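Heads up: the structure comes next, in structure tokens.
Just so it is clear, the model here is predicted, and its values are computed rather than measured. Only this structure's heavy atoms are used, side chains among them; waters, hydrogens and symmetry mates stay out.
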Amino acid sequence: MRALKVSLVQGATRWHDAAANRDYYGALVRQAAGSDLIVLPETFLSGFSNDTQANAGTMDGEGVAWLRALAIEMNAVICGSLAIRENDVVYNRLLWMQPDGNFTQYDKRHLFRMAGEHTRYGSGNERPIVELKGWRILPQVCYDLRFPVWLRNRRLASANGGMDYDLALFVANWPTPRRGPWRTLLRARAIENLSYVIGVNRVGVDGNEIPYAGDSAVIDPVGEPLVELGTQEQVVTVMLDPAPLLAHRERFPAWMDADAFSLDPG
């Protein structure tokens with residue numbers, strides 16, 4: 001594992017205006033030149049919309065092509081989620097877009113029923129781990145943050161006793177009234193999983209008059225924030241050092257007492 005330079009892009013997503021969001025987020029991403037990984041919010045081209053069919057793109061559409069071109073231009077991994085339509089189903093799909101144009105996708109597993117997301121989107125059942133500069137990274141979307149079993153970090157059956165992942169990241173549209181749980185759960189997931197955690201939320205007010213307070217953050221493995229963003233548009237870059245993570249796992253090997261289980265996402 002080598003030091004990882006990560007940029008958090010906390011923006012005010014334009015409502016139902018993919019072209020405006022491409023211009024807006026493109027300009028913000030370009031402020032993060034030199035980063036290894038650039039993280040955007042959930043549904044950053046549309047907002048967290050009820051009108052999925054009208055505002056969803058496709059995998060061969062303009063939004064994915066734009067994200068691929070931007071990753072190539074920045075020579076960095078860029079991730080965030082998009083509303084993607086496949087046949088008659090729309091997915092809240094996180095794309096981990098690499099600078100060579102290849103990508104990994106993750107369809108949001110846990111759909112926020114309090115806003116009817118489970119009636120408008122299909123649910124994913126895969127839990128991919130991606131790798132960057134020796135780091136194993138678990139990409140997730142918003143409401144997934146509330147489900148510790150799904151997120152549980154486990155020891156790999158390998159000679160070096162490594163963990164399933166070293167960094168969990170969450171892209172979100174997490175409203176202001178629930179900012180307390182957002183901040184608390186980011187810390188809890190870092191502590192219990194002996195990993196770094198990144199959460200990137202949006203700011204502003206969406207087309208449903210729902211406010212967002214940002215509170216994007218990078219949390220270290222003992223639950224302390226390395227950086228916490230405010231309520232305004234910001235692009236912040238932080239360098240993640242693997243040494244404190246590995247030292248903490250060695251000094252405090254709680255993973256050795258963890259319960260064994262298997263996960264059935266069917």
So, taking the atom named CZ in Arg146 and the one named CG in Leu151, what distance separates them when rounded to the nearest 0.5 Å? 12.5 Å
Would you say the side chains of Ser49 and His16 form a donor-acceptor pair under 3.5 Å? yes
Would you kindly confirm whether Leu82 and Val39 end up in one hydrophobic cluster when ILVMFWY residues are joined by side chain heavy atoms under 4.5 Å apart? no
So if you build clusters from Ile, Leu, Val, Met, Phe, Trp, Tyr with side-chain heavy-atom gaps below 4.5 Å, do Leu145 and Leu8 land together? yes
Out of curiosity, Phe147 CZ to Leu185 CG, how far, rounded to the nearest 0.5 Å? 10.0 Å
Are Asp215 and Asn201 close enough, and set up right, to give a side-chain contact (heavy atoms from CB on, under 4.5 Å), and what steps lead you there? CA-CA 7 Å; Asp215 295 317; Asn201 192 23; 5.5 Å; no
Do Val218 and Leu186 share a hydrophobic cluster, counting only Ile, Leu, Val, Met, Phe, Trp and Tyr and linking them when any side-chain heavy atoms are less than 4.5 Å apart? yes
Any chance the side chains of Trp174 and Glu42 put a donor and an acceptor closer than 3.5 Å? no
What distance do Glu117 atom CD and Ser123 atom OG have between them, rounded to the nearest 0.5 Å? 9.0 Å
Between Trp150 and Glu126, the two heavy atoms sitting closest are CZ2-O, 3.7 Å
Can you label the angle between the Tyr143 ring and the His110 ring as parallel, tilted or perpendicular, going by 30° and 60°? perpendicular
Do Leu229 and Val227 come close enough that some side-chain heavy atom pair is under 4.5 Å? yes
Is the shortest heavy-atom distance from the side chain of Cys79 to the side chain of Leu37 under 4.5 Å? yes
Would you check if there is a donor-acceptor pair between the side chains of Asn193 and Tyr165 at a distance under 3.5 Å? yes
Please check if atom CD in Glu62 has more than 12 non-hydrogen atoms from other residues, nucleotides or ligands closer than 6.0 Å. no
Using 30° and 60° as the class boundaries, would you call the ring planes of Phe44 and Trp66 parallel, tilted or perpendicular? tilted
Are a donor atom and an acceptor atom from the side chains of Thr13 and Tyr212 found within less than 3.5 Å of each other? no
Cluster check Leu169, Leu4: I/L/V/M/F/W/Y, side chain < 4.5 angstrom: yes
NZ of Lys5 to CE of Met239: how many Å apart, nearest 0.5 Å? 5.5 Å
Using atom types as modelled and distance alone, determine if a side-chain donor or acceptor of Thr231 lies under 3.5 Å from a backbone N or O of Ala213. no
Quick one: do Met59 and Leu70 end up in the same hydrophobic cluster if we chain Ile, Leu, Val, Met, Phe, Trp and Tyr together by side-chain heavy atoms under 4.5 Å apart? yes
Applying side-chain contact (heavy atoms from CB on, under 4.5 Å) to Ile198 and Val6, what does each step give before you reach the verdict? CA-CA 9 Å; Ile198 290 174; Val6 184; 3.6 Å; yes
Give me the atom names and distance for the closest heavy-atom approach of Glu228 to Ala217. CG-CB, 4.2 Å
Taking every non-hydrogen atom, the tightest pair across Arg14 and Ala20: CG-CB, 4.2 Å
For the residue pair Ser81 and Asn92, confirm or rule out a side-chain donor-acceptor distance under 3.5 Å. yes
Which one of Arg136, Lys133, Arg249, Arg2 satisfies the salt bridge (Lys or Arg N to Asp or Glu O under 4.0 Å) criterion with Asp166? Arg249
Closest heavy-atom pair and its distance - Gly11, Pro41: N-CG, 4.3 Å
Could you check whether any side-chain heavy atom of Ile78 comes within less than 4.5 Å of a side-chain heavy atom of Leu40, counting everything from C-beta outward? yes
Would you confirm whether Asp241, through its side chain, and Ala243, through its main-chain N or O, come within 3.5 Å as a donor-acceptor pair? yes
Side chains of Leu245 and Pro221 in contact at under 4.5 Å (non-hydrogen atoms): yes
Using a 4.5 Å cut-off on heavy atoms from C-beta on, say whether the side chain of His248 contacts that of Leu194. yes
Could you check whether any side-chain heavy atom of Tyr91 comes within less than 4.5 Å of a side-chain heavy atom of Val89, counting everything from C-beta outward? yes
Can you name the closest pair of heavy atoms from Ser195 and Leu167 and give their distance? CB-N, 4.3 Å
Got a donor-acceptor contact below 3.5 angstrom from the Ser35 side chain to the Ile38 backbone? no
Do Thr43 and Asn173 come within less than 4.5 Å of each other through their side chains, counting heavy atoms only? yes
To the closest 0.5 Å, what do you measure between OG (Ser7) and CG (Leu28)? 11.0 Å
Does the distance from a Lys or Arg side-chain N to an Asp or Glu carboxylate O, for Glu224 and Arg187, drop under 4.0 Å? no
Take atom CZ of Phe252 as the centre, draw a 6.0 Å sphere, and report whether it contains more than 12 heavy atoms from other residues, nucleotides or ligands. no
Cut-off 3.5 Å, no hydrogens considered: what does the side-chain donor-acceptor table look like for residues 256-266, sequence neighbours left out?
| unit_1 | atom_1 | unit_2 | atom_2 | d |
| --- | --- | --- | --- | --- |
| Asp264 | OD1 | Gly266 | N | 3.1 |

Given Asp164, which partner from the list Arg127, Arg155, Arg152 fulfils the side chain to side chain donor-acceptor pair (under 3.5 Å) test? Arg127
If I take atom OG1 from residue Thr104 and atom CG from residue Leu95, how far apart are they, to the nearest 0.5 angstrom? 9.5 Å
Are any of the side-chain heavy atoms of Met163 and Trp255 separated by less than 4.5 Å? yes
Pairs in or reaching into residues 192-213: which pass salt bridge (Lys or Arg N to Asp or Glu O under 4.0 Å), with residues at least two apart or in two chains? Arg189-Glu192
May I have the step-by-step check of side-chain contact (heavy atoms from CB on, under 4.5 Å) for Arg30 and Tyr25, ending in yes or no? CA-CA 8 Å; Arg30 291 181 177 94; Tyr25 278 111; over 6 Å; no
Mind running side-chain contact (heavy atoms from CB on, under 4.5 Å) on Val141 and Phe170 for me, showing each step along the way? CA-CA 5 Å; Val141 181; Phe170 299 86; over 6 Å; no
Carefully, step by step, assess Asp144 and Tyr106 under the rule side chain to side chain donor-acceptor pair (under 3.5 Å). CA-CA 12 Å; Asp144 290 324; Tyr106 165 67; 2.8 Å; yes
Which heavy atom in Gly214 sits nearest to a heavy atom in Trp182, and how many Å separate them? O-NE1, 3.7 Å
So, Glu86 and Arg93, do they make that salt bridge, N to O below 4.0 Å? yes
In terms of side-chain heavy atoms, does Arg109 have a donor or acceptor partner in Asn125 at a distance below 3.5 Å? no
